[in-house]
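Read through the structure below, which is laid out as structure tokens, and then see the notes.
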Amino acid sequence: GIEPAGGTTTPFVRWTSGAFHFPEAMVAGEPEMPKAYVPQAVEADLYRRWLAADVFAPDGSGSRARPGLPPFVIIQPPPNVTGALHLGHAQRTAVEDALARHARMQGRPTLWLPGKDHASIAAQVVLDRILAGEGQSRESLGRERYLERMRQFVATTRPIMTSQLERVGASLDWGRERFTMDEGSARAVRVAFKRLYDDGLAYRGEGLINWCPGCRTSVSDLEVIPRPETGTLWTVRYQLLRDDGSPDPGAWIAVATTRPETILGDVAVAVHPEDERYRALVGRRVRIPFVERDVPIIADDVVEREFGTGAVKITPAHDAADYAVGRRHGLSFPSMLDDAARVSVPGPFEGLDRYEARRRIVADLEARGDLEGSRPHEMLIGHCQRSDDVIEPRLLTQWFVRAAPLAAKALAAVREGRTRFVPRRFEKVFFHWLENIHDWNVSRQLWWGHRIPAWYCPDGHVTVSDEPDGPSACGACGRPAGELRQEEDIFDTWFSSGLWPFSTLGWPDHTPDLARFYPGSVMETGYDIIFFWVARMMMLGLHLTGTEPFHTIYLSGLIRDPYGQKMSKTKGNVVDPLHVIDESGADALRFALIHGATPGNDQRFGEAKLENARNFANKLWNATRFVIGARPPSIDAKAERRLPEAARMGPLEHWLVSRAAGTTAAVDQAMADYAFGEVTRILYDAIWNEFCDWGVELAKVHLGDTSLDEATRETTWWTLVEVLDTYLRLLHPVMPFVTEALWGSLPHRSLDPDLLIVARWPGVGERDLDTERDVAALLELVTELRNARATARVPAAAWLETMVAIPPALGTAFEALRPGIERLARARPLFRELTPEALHA
RNA sequence: GGGCGAUUGGCUCAGCUGGUUAGAGCGCACGGUUCACAUCCGUGAGGUCACUGGUUCGAAUCCAGUAUCGCCCACCA
């Protein structure tokens with residue numbers, strides 16, 4: 001004998017002998033399906049079938065949208081046209097496609113519009129690198145040939161990216177594909193800019209901008225990446241002057257600087273107004289070395305008394321803080337560096353690179369005794385996001401978009417809940433950025449992009465036009481177009497991206513698409529482009545269309561390698577999603593990317609997750625294979641789907657159906673919460689641990705039980721079909737290929753469509769909680785019996801005579817499931833004893 | 001200098017509108033050639049839910065603080 005296992009039921013097991021003979025198979029037998037799921041064999045073909053069925057377009061001939069349901073619109077960040085698809089794209093595509101397929105199955109006209117972004121600066125960096133390999137350059141080609149070359153290049157990358165998205169299974173409406181450099185976008189850019197200009201929200205002016213000497217263009221604040229570096233803090237003496245302007249021998253003021261070369265652009269020395277050490281010096285003048293400029297000592301409370309010497313040199317044209325000081329004090333703004341960051345001030349340093357100039361200036365200062373000291377200094381240096389060059393603040397005349405009024409509208413939309421973030425916490429980040437926003441420098445001195453539609457006449461007038469060919473004459477003085485010169489600069493690439501939700505629908509025209517599909521339902525992207533893209537779409541969309549461009553902002557986390565490192569080409573830890581698809585299939589990739597992930601949180605991605613996902617697809621494949629093969633021969637292979645006969649359903653059948661209903665409700669809730677990781681968790685558990693491990697195993701016994709009549713066995717089978725069908729539907733948004741393939745092999749009703757992609761999302765059926773509870777208790781009994789056997793080291797194959805105590809309330813269910821319990825626990829004969837409670841009664 | 005996130009079994013992560021024995025995958029141990037699946041089946045071991053204090057009948061879950069790690073924002077040159 002063995003130990004009782006405890007719990008509410010008390011198994012008591014004795015050894016027995018004799019083999020159990022399973023009744024002869026009463027099922028259809030092995031279906032003609034491979035024993036393992038082979039994604040490569042089905043995916044490409046299925047995608048072609050979906051395309052051919054025309055189901056991706058909201059009103060495609062194969063789509064089965066229900067009249068009266070509101071459209072569902074998913075907005076995706078158009079990927080950069082030059083980039084190959086990476087894992088981040090695959091993840092976002094998986095999420096967006098899940099949203100699209102779910103909405104489509106609900107019968108909503110679903111628009112998910114594909115596109116590419118021209119990625120101005122990023123594309124130029126890529127092309128420049130290619131050209132460099134050919135011994136060419138931007139300059140050697142010139143603007144027109146360079147652009148022609150870019151168009152050729154992009155023409156080769158675009159179709160590659162499209163086919164990659166198809167491999168992932170993206171149900172994008174390809175008929176509506178757009179590009180941020182197409183004519184529709186170009187027009188939207190012109191009209192948007194003119195409107196902003198007319199509304200006083202775009203202006204041309206001199207401002208301190210971030211200059212990348214490598215890319216030879218200005219970049220926005222967001223494109224400057226601050227990085228800690230150890231520099232040097234030099235202390236430099238500036239000669240004090242007497243009131244008559246002559247040097248005051250032996251009198252100097254020491255300033256601390258990390259950038260001695262900018263001495264050439266100094267126009268003042270600032271101290272804190274309450275600094276006793278310098279109070280008497282405020283108002284006096286000092287002589288800037290090398291340029292021999294006499295400048296004032298001023299008081300400003302930006303100066304930190306404790307830092308350095310408490311006195312700071314002011315270079316308004318090359319430092320953001322100094323620029324502000326310069327504005328406050330009415331100083332001049334002399335520039336001292338050119339486009340290549342070489343010294344532009346006449347004199348001994350002219351033409352020198354900024355760092356060479358620094359070395360020479362420090363040496364000279366030391367030689368003349370004006371260098372008081374130096375020490376290492378930790379500081380943040382701004383680098384170009386694209387080229388990694390050290391960014392140079394410069395004062396230039398550029399086009400800006402006045403951000404504050406636009407930001408106010410975006411803030412209001414989120415505060416009032418017209419647009420919400422998933423997860424919520426990113427709203428704070430959004431608020432903080434918009435509340436402190438600076439005007440947006442939209443000018444880029446690049447070529448690949450939309451040229452700013454501003455024309456200048458010789459008299460200095462500015463005419464902004466949204467006409468394709470520009471203005472016919474100067475708007476101010478009427479000079480003919482021939483005398484006008486168009487702005488050379490192009491727009492920041494995010495300007496056109498910011499119009500994406502409506503420029504792709506025909507805006508500025510009042511098209512039917514715009515009326516129907518704007519604003520969007522869900523915008524999905526990574527949290528790393530909240531400022532670049534999300535905020536810009538909100539600002540521009542609200543101002544230009546009067547409506548928030550989307551209602552929900554779903555933010556994905558970043559994909560990292562198994563060690564938590566960011567994936568990057570230089571680290572060599574990049575996973576190519578196409579390679580993964582080749583190996584394991586798109587469904588496994590998608591499932592792995594979604595399973596266990598939560599919105600806004602980064603996730604590690606590696607082999608283990610992928611294998612688990614692949615195994616799950618295989619499990620589903622084989623479960624379906626079993627169900628198809630388990631068809632009672634009394635049911636015709638081509639029989640139309642029948643509902644299980646209610647009168648013949650026992651606890652197993654009721655349990656299966658009720659659990660499917662419970663799963664459906666749970667999936668619905670998780671979908672409504674955008675908790676995709678939860679969706680996969682629920683389905684994985686329901687399919688593997690409930691349906692397969694218990695439902696199918698118990699059903700085997702029923703299906704092979706000769707003591708049951710034919711109709712009862714048919715009912716069991718129809719129940720399996722019904723429940724499996726439900727699970728395939730629920731899983732389809734995440735694993736579209738395998739579910740589509742399997743669903744097609746199950747019997748259907750005549751009113752079902754040919755393809756799962758347009759089949760109906762399951763309704764939530766009625767629960768039978770009593771049965772769920774009873775069956776759960778009996779399944780636990782089986783587990784306890786197995787546990788007892790394992791503990792007692794009973795050979796797994798041995799059949800044991802077993803006695804169990806069953807509470808009276810469970811009696812009916814127990815007897816109904818007895819053959820199944822016996823088989824799963826290998827307990828036969830299985831004797832049911834009265835419970836102690838019953839004996840006492 | 002602000003803000004945010006993370007801290008749960010060996011690893012990677014769910015759970016966190018407070019409530020029966022805290023879950024999963026991988027890994028691990030033991031046992032399985034049962035006719036869907038070895039990409040499998042069964043059983044099991046393994047967690048003071050970072051720390052401190054508080055609220056509560058009851059906290060991984062709420063509040064305050066601390067620590068470590070990470071991210072974002074920021075005009076100490």
Side-chain angles (χ1 to χ4, degrees), chain A residues 7 20 22 24-25 27 29-31 33 35-37 208 221-222 226 231 233-234 255-259 262 270 302-315 319-325 377 379-380 393 423 425-426 428-429 431-433 436 527-528 530-531 557-558 562-564 584 588 592 595-598 600-609 611-630 675 677-678 680-681 684-685 688-689 692-693 696-697 700 704 782-784 786-791 793-797 823-826:
Chain A
F20 164 66
F22 198 72
E24 205 160 297
V27 295
E30 286 262 311
M33 292 166 71
K35 286 185 79 166
Y37 173 53
L208 197 73
D221 296 347
L222 291 171
L233 186 68
W234 286 275
V255 299
T257 181
T258 56
R259 301 201 55 191
T262 63
V302 292
V303 180
E304 299 286 332
R305 278 169 280 185
E306 298 75 27
F307 187 87
T309 60
V312 56
K313 62 192 235 19
I314 300 297
T315 320
D319 181 277
D322 292 6
Y323 178 73
V325 172
H377 180 61
M379 55 188 181
L380 291 174
R425 65 185 141 90
F426 284 99
K428 255 183 255 179
V429 180
F431 290 153
H432 181 258
W433 190 71
N436 298 288
Y527 64 76
D528 53 333
I530 292 177
F531 306 141
L558 271 35
Y563 307 99
S584 310
H595 191 53
T598 43
N601 287 338
D602 295 354
Q603 64 167 316
R604 300 179 193 208
F605 183 87
E607 201 56 43
K609 276 184 181 176
E611 204 171 299
N612 183 233
R614 185 201 54 169
N615 293 353
F616 181 51
N618 187 59
K619 185 73 180 177
L620 192 67
W621 177 268
N622 275 294
T624 307
R625 198 165 143 257
F626 167 78
V627 170
I628 292 166
E678 186 72 0
T680 55
R681 210 212 85 238
Y684 184 96
D685 192 52
W688 201 314
N689 301 323
C692 291
D693 289 351
V696 165
E697 292 305 323
K700 282 177 183 171
V782 172
T783 301
E784 285 183 20
R786 287 167 167 174
N787 182 354
R789 292 168 58 106
T791 309
R793 305 206 156 262
V794 174
R823 170 165 158 165
L824 296 193
R826 286 185 103 69

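Here is the naming used below: chain letters follow the sequence lines, and residue numbers restart at 1 for every chain.
Remark: B:A64 base-pairs with B:U52. Criterion, Watson-Crick or G-U wobble with two distances under 3.5 Å. In this entry B:G9 has no Watson-Crick or G-U wobble partner, no candidate having both defining distances under 3.5 Å. Pair assignment for B:G1 gives B:C73, based on Watson-Crick or G-U wobble hydrogen-bonding distances that are each under 3.5 Å.
A:Thr791 and A:Asn787 are linked by a side-chain donor-acceptor pair at a separation below 3.5 angstrom, with hydrogens and angles left out of the test.
Per the geometry, CD belonging to A:Glu611 stands 8 Å off P belonging to B:C40, to the nearest Å. Straight-line distance from the NZ atom of A:Lys428 to the P atom of B:C72: 18 Å, rounded to whole Å. Remark: P of B:G23 and NE2 of A:His595 are 16 Å apart, rounded to the nearest angstrom. As rounded to whole Å, 11 Å separates atom C1' of B:C4 from atom CD1 of A:Ile530. Separating the CG atom of A:Asn601 from the C1' atom of B:C69 is a distance of 15 Å, rounded to the nearest angstrom. Residue A:Trp621 contributes atom CH2, which lies 12 Å from atom C1' of B:C37 at whole-angstrom precision. In this structure, CD of A:Glu697 is placed 12 Å from P of B:U34, rounded to the nearest angstrom. Between the C1' atom of B:G42 and the CD atom of A:Glu784 lies a distance of 15 Å, rounded to the nearest Å.
In the set B:C37, B:C4, B:G31, B:G31 carries the atom at the smallest distance from any side-chain atom of A:Arg793. Distances from the side chain of A:Arg681 to the nucleotides B:G42, B:A14, B:A36 place B:A14 closest. When distances run from any side-chain atom of A:Val312 to the nucleotides B:C26, B:U12, B:A77, the shortest one goes to B:A77. Side chain of A:Asn622, nearest nucleotide from B:A36, B:A77, B:U39: B:A36. Side-chain proximity of A:Asp693 to the nucleotides B:A36, B:G32, B:G42 is greatest for B:G42. When the nucleotides B:C26, B:U43, B:U39 are ranked by their closest atom to the side chain of A:Ala608, B:C26 comes out on top. In this structure, the nucleotide among B:U43, B:C73, B:U12 sitting nearest to the side chain of A:His432 is B:C73.
For B:C13, neither phosphate oxygen OP1 nor OP2 lies less than 4.0 angstrom from any side-chain nitrogen or oxygen of A:Lys609. Of the side-chain N and O atoms in A:Trp688, one or more sit less than 4.0 angstrom from OP1 or OP2 of B:C41. A sub-4.0 Å separation between OP1 or OP2 of B:A77 and a side-chain N or O of A:Thr258 is absent.
For A:Lys700 and A:Phe626, the positive end sits near the middle of the six-membered ring, less than 6.0 Å away and at most 45° from its axis.
Comparing the C1' positions of B:G19 and B:G65 gives a spacing of 27 Å, expressed to the nearest Å. Here the separation of B:A22 from B:C49, taken at their P atoms, is 11 Å to the nearest Å. Using P as the reference atom, B:C11 and B:U56 are 37 Å apart when rounded to the nearest Å.
Ring geometry for A:Tyr684 versus A:Phe616: interplanar angle of 30 to 60°, hence tilted.
For A:Gln603 against B:A14, no side-chain N or O and base N or O form a donor-acceptor pair under 3.5 Å. In terms of polar N and O atoms assigned as donor or acceptor, the side chain of A:Lys35 never comes within less than 3.5 Å of the base of B:A36 in a complementary pairing.
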